[in-house]
A.B. asks: 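Okay, handing you the structure first.
Below, read A as the first sequence line, B as the second, and so on, with proteins coming before strands; counting in each chain starts at 1.
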There are 2 protein chains.
Amino acid sequence: MSKLTLEEVAKLAGVSRATVSRVVNKPERVSPKYRERVLKVIEETGYQPNQAARMLVSRRSNILGLIIPSRADLIFTDPYFAALITGISRACNMHDYTLALFVFHSQEEQDQVYQRALGTGLLDGLIVTADKITDPLIPQIIARKIPAVYVGRPLDKAYTSFVDVDNVAGAYMAVSHLLRLGYQRVATITGPMSSTTSMDRYEGYTKALAERDRSIEDNLVVYGDFTRDGGYTAMRQLLPHHPDAVFVATDTMALGAIQAIHEANLTIPDDIAIVGFDDLSPATIADPPLTTIRQPVNQNGMLAVETLIDLLETGPVPPRHTILPTQLIIRATCGAMKFNNGNYVP
Amino acid sequence: MSKLTLEEVAKLAGVSRATVSRVVNKPERVSPKYRERVLKVIEETGYQPNQAARMLVSRRSNILGLIIPSRADLIFTDPYFAALITGISRACNMHDYTLALFVFHSQEEQDQVYQRALGTGLLDGLIVTADKITDPLIPQIIARKIPAVYVGRPLDKAYTSFVDVDNVAGAYMAVSHLLRLGYQRVATITGPMSSTTSMDRYEGYTKALAERDRSIEDNLVVYGDFTRDGGYTAMRQLLPHHPDAVFVATDTMALGAIQAIHEANLTIPDDIAIVGFDDLSPATIADPPLTTIRQPVNQNGMLAVETLIDLLETGPVPPRHTILPTQLIIRATCGAMKFNNGNYVP
DNA sequence: ACCTTTTTTGAGAGCGCTCTATACACATAT
DNA sequence: ATATGTGTATAGAGCGCTCTCAAAAAAGGT
């Protein structure tokens with residue numbers, strides 16, 4: 001059996017190459033008679049067009065790249081990325097795009113990986129998690145005019161499209177909830193301040209306090225690093241300053257904080273109340289179950305892909321920004337339940 | 001600035017297209033004089049060859065596909081896959097291959113995803129997690145003669161290359177350890193028996209018992225599903241039959257089992273001892289810390305990639321099988337520590 | 001100095017596809 | 001009967017690269 005090409009199929013169907021191409025790409029533009037005949041041959045031979053040839057002329061690969069500029073070992077253990085990748089891959093499947101994954105495991109790998117992702121013209125577009133605001137990646141993407149959508153707000157709004165959740169509002173909601181419940185010394189464990197996500201959540205914290213004329217006490221603000229261990233360490237720093245409630249910027253860190261609180265023989269929420277952020281698996285596994293801010297991570301991922309595909313198909317357009325809402329999920333760690341027979345009415 | 005092609009670079013360097021191509025691909029076959037000149041132009045212009053054109057003629061894409069035939073939501077929350085993907089992506093980076101990810105979220109998506117992965121000729125080769133032994137994927141891959149390496153032993157050894165850990169030996173080690181410590185009623189929570197991994201671990205369990213002339217008690221064998229909840233449910237089924245030790249086929253399930261034991265107001269290891277399998281994050285997070293079998297997941301992933309690349313470069317060769325060893329990691333749940341002032345000497 | 005061998009360069013074909021421009025039916029209008 | 005239009009098929013160019021093969025240049029031998 002000779003190599004199965006368009007040419008071959010055309011010969012077998014007794015039509016020209018172009019006709020077969022049309023049957024494959026825009027079947028409605030071929031008369032039913034020929035279309036049937038060609039489809040039959042395709043069916044029989046199991047013909048599938050060569051991607052490379054197709055890419056070469058059409059300049060489209062139907063491959064999207066996902067770049068996650070964080071250390072790979074952190075990425076895959078973090079339930080946030082798990083949910084995000086799930087959403088992204090799902091949307092890719094839905095739209096018949098293939099997903100290529102770009103992560104690096106060391107600083108040295110970074111350049112080489114970026115090169116591969118940006119340089120080869122292999123990818124139609126890029127989804128980038130806008131993790132570190134100083135990452136050299138974003139300027140490169142802009143300079144090369146590669147279609148990209150960021151997950152999370154990058155600093156540069158003018159030249160970038162992104163999808164994000166309303167972190168400020170979410171954090172504000174969390175802290176307001178604690179204040180409303182009467183807590184006096186509301187602390188926060190933030191993420192690394194090199195990410196806009198952390199910045200925004202911190203802003204929500206300050207906003208909620210400011211709105212009630214509370215001042216920010218420096219001792220009650222500790223910087224974490226998004227990991228469980230980081231949350232643990234941060235909480236231990238916080239304990240000597242006797243917070244009666246803590247807004248922890250991620251559920252994963254909250255898990256560490258809870259451990260630190262338990263080890264100090266304090267109870268949650270009676271001695272210290274906790275509100276987290278994310279509402280992913282750690283929130284329900286936590287003991288007691290975590291009051292938290294739910295963010296639609298999965299949906300965010302899907303939306304990023306859909307935005308990107310839209311950008312791809314409609315050509316250069318002004319950057320598009322989508323902000324999804326968050327939601328307060330009340331469980332046991334904020335203490336709201338105990339005020340009202342286990343039913344909290346805001 | 002006109003389109004940056006080989007042609008263009010050749011013109012700027014005052015050489016032929018072929019020479020530039022040679023500089024890019026096999027620089028040692030070009031005289032230093034020309035090589036320098038061409039490299040300089042490449043440097044200045046930032047030229048990068050078009051992947052599509054390259055693929056078309058060389059029939060190589062430098063893209064590997066990773067197919068994980070499990071529900072996507074399970075994959076990304078499972079620390080096993082986290083470690084595996086980390087290893088795989090790392091090896092891909094090292095060898096300058098791009099990784100494309102193929103997962104599906106529903107049964108309907110499956111076919112379409114397989115089609116995309118197998119049909120388009122886009123991929124040089126495939127890494128497949130040999131999860132479900134009945135998956136239609138493997139026969140398809142064999143039929144199409146697509147270079148592939150499986151992670152985990154597939155049923156068909158004759159036509160497949162794979163890397164795996166020695167699950168039989170690992171499980172045997174775990175159960176022997178428990179028996180040596182004197183436990184009388186050693187139960188097991190297995191994985192789903194549709195996977196060779198689960199089959200092998202169960203075989204190790206039976207082998208250890210048989211070797212000591214213990215019979216397998218049906219009540220002490222419960223089938224789990226690799227999830228934490230599954231482990232919890234399985235343990236609750238087991239409790240009425242009073243096991244004094246349990247070999248749980250994965251750490252994640254062990255987490256659920258531990259929860260069930262605690263809820264029954266039993267203590268670990270005094271009332272029931274536990275040995276897990278994997279030694280990934282759940283093992284150290286567990287309370288008490290989990291005695292388990294360490295398997296080199298990360299390394300396994302890297303090895304899979306390296307085997308595949310080797311296959312790709314050396315052409316059709318007989319299938320290659322690699323089995324990595326496992327290791328017993330003694331922590332608190334097996335009770336070994338308490339026999340000897342916290343120091344276990346086997 | 002000339003011929004042979006070896007190394008290096010260049011010309012040209014062609015990978016499999018898409019797409020534009022052109023040719024060709026066939027139906028309808030003149 | 002010829003002109004006009006409409007839909008549909010084909011011819012042919014070309015996407016950017018690699019690779020073979022022949023030509024040219026350099027090196028070595030007598």
Side-chain angles (χ1 to χ4, degrees), chain A residues 1-42 45-63 116 119-124 312-313, chain B residues 1-39 41-42 45-63 116 119-124 312-313 315:
Chain A
M1 160 178 125
S2 87
K3 197 98 52 63
L4 193 55
T5 67
L6 247 203
E7 187 84 52
E8 191 70 12
V9 174
K11 205 184 296 169
L12 289 171
V15 297
S16 76
R17 215 166 52 241
T19 302
V20 180
S21 175
R22 238 175 283 122
V23 170
V24 173
N25 295 303
K26 12 190 104 154
E28 74 281 2
R29 311 218 10 196
V30 178
S31 64
K33 173 182 143 203
Y34 282 100
R35 195 193 314 152
E36 294 303 314
R37 194 177 337 154
V38 171
L39 283 175
K40 184 145 163 287
V41 174
I42 289 178
T45 54
Y47 168 76
Q48 290 201 263
N50 176 308
Q51 273 297 107
R54 201 171 226 199
M55 268 167 76
L56 179 57
V57 34
S58 69
R59 261 117 231 299
R60 299 288 244 87
S61 65
N62 267 39
I63 306 176
R116 200 146 43 74
T120 60
L122 180 71
L123 307 172
D124 285 349
L312 253 30
E313 289 178 354
Chain B
M1 158 180 124
S2 86
K3 197 98 51 62
L4 194 56
T5 68
L6 246 204
E7 186 84 55
E8 190 70 12
V9 173
K11 205 183 297 170
L12 288 172
V15 298
S16 76
R17 214 167 51 238
T19 303
V20 179
S21 176
R22 240 175 272 126
V23 169
V24 172
N25 296 304
K26 12 189 104 153
E28 73 282 1
R29 313 218 13 193
V30 177
S31 64
K33 173 182 143 203
Y34 281 107
R35 197 195 310 153
E36 294 302 314
R37 201 192 312 172
V38 170
L39 282 175
V41 174
I42 289 178
T45 55
Y47 168 76
Q48 289 204 266
N50 176 308
Q51 273 297 105
R54 199 171 229 197
M55 270 167 74
L56 179 57
V57 35
S58 68
R59 264 116 229 300
R60 299 286 245 86
S61 65
N62 267 42
I63 306 177
R116 201 146 42 74
T120 60
L122 180 71
L123 308 171
D124 286 349
L312 252 30
E313 288 176 356

A.B. asks: According to salt bridge (Lys or Arg N to Asp or Glu O under 4.0 Å), who are the partners of Arg116(B), at least two apart in sequence or on a separate chain?
C.D. replies: Asp96(A)
A.B. asks: Would you list the atom pairs, donor with acceptor, under 3.5 Å between side chains in residues 24-33 of chain A and any protein atom, with sequence neighbours excluded?
C.D. replies:
from, atom 1, to, atom 2, distance (Å)
Asn25(A), OD1, Arg54(A), NH2, 3.0
Asn25(A), ND2, Ser21(A), O, 3.0
Asn25(A), ND2, Ser21(A), OG, 3.4

A.B. asks: Run the salt bridge (Lys or Arg N to Asp or Glu O under 4.0 Å) test against Arg17(A) and tell me which residues pass, sequence neighbours left out.
C.D. replies: Glu7(A)
A.B. asks: Residues two or more places apart in sequence or in another chain: which of them pass salt bridge (Lys or Arg N to Asp or Glu O under 4.0 Å) with Lys40(A)?
C.D. replies: Glu44(A)
A.B. asks: Checking side-chain contact (heavy atoms from CB on, under 4.5 Å) for the pair Leu122(B)/Ile63(A): CA distance, chi angles, key distance, verdict?
C.D. replies: CA-CA 10 Å; Leu122(B) 180 71; Ile63(A) 306 176; 3.7 Å; yes
A.B. asks: Take the C1' atoms of the five end pairs on each side of the helix from dA1(C)-dT30(D) to dT30(C)-dA1(D), derive the two axes, and give their angle rounded to 10 degrees.
C.D. replies: 50°
A.B. asks: Please name all residues satisfying side-chain contact (heavy atoms from CB on, under 4.5 Å) with Gln48(B), sequence neighbours left out, ordered by chain then number.
C.D. replies: Gln115(A), Arg144(A)
A.B. asks: Which heavy atom of Met55(A) sits nearest to which heavy atom of Ala52(B), and what is that distance?
C.D. replies: CB-CB, 3.6 Å
A.B. asks: Excluding sequence neighbours, so at least two apart, what forms salt bridge (Lys or Arg N to Asp or Glu O under 4.0 Å) with Arg60(B)?
C.D. replies: Asp124(B)
A.B. asks: What is the per-nucleotide protein-contact pattern of nucleotides 10-19 of chain C, from the 5' end, where B denotes a base atom under 4.0 Å from a protein heavy atom, S denotes such proximity for sugar-phosphate atoms only, and - denotes neither?
C.D. replies: BBBB-BBBBB
A.B. asks: Whole-Å distance between dT8(D) C1' and Glu28(A) CD?
C.D. replies: 13 Å
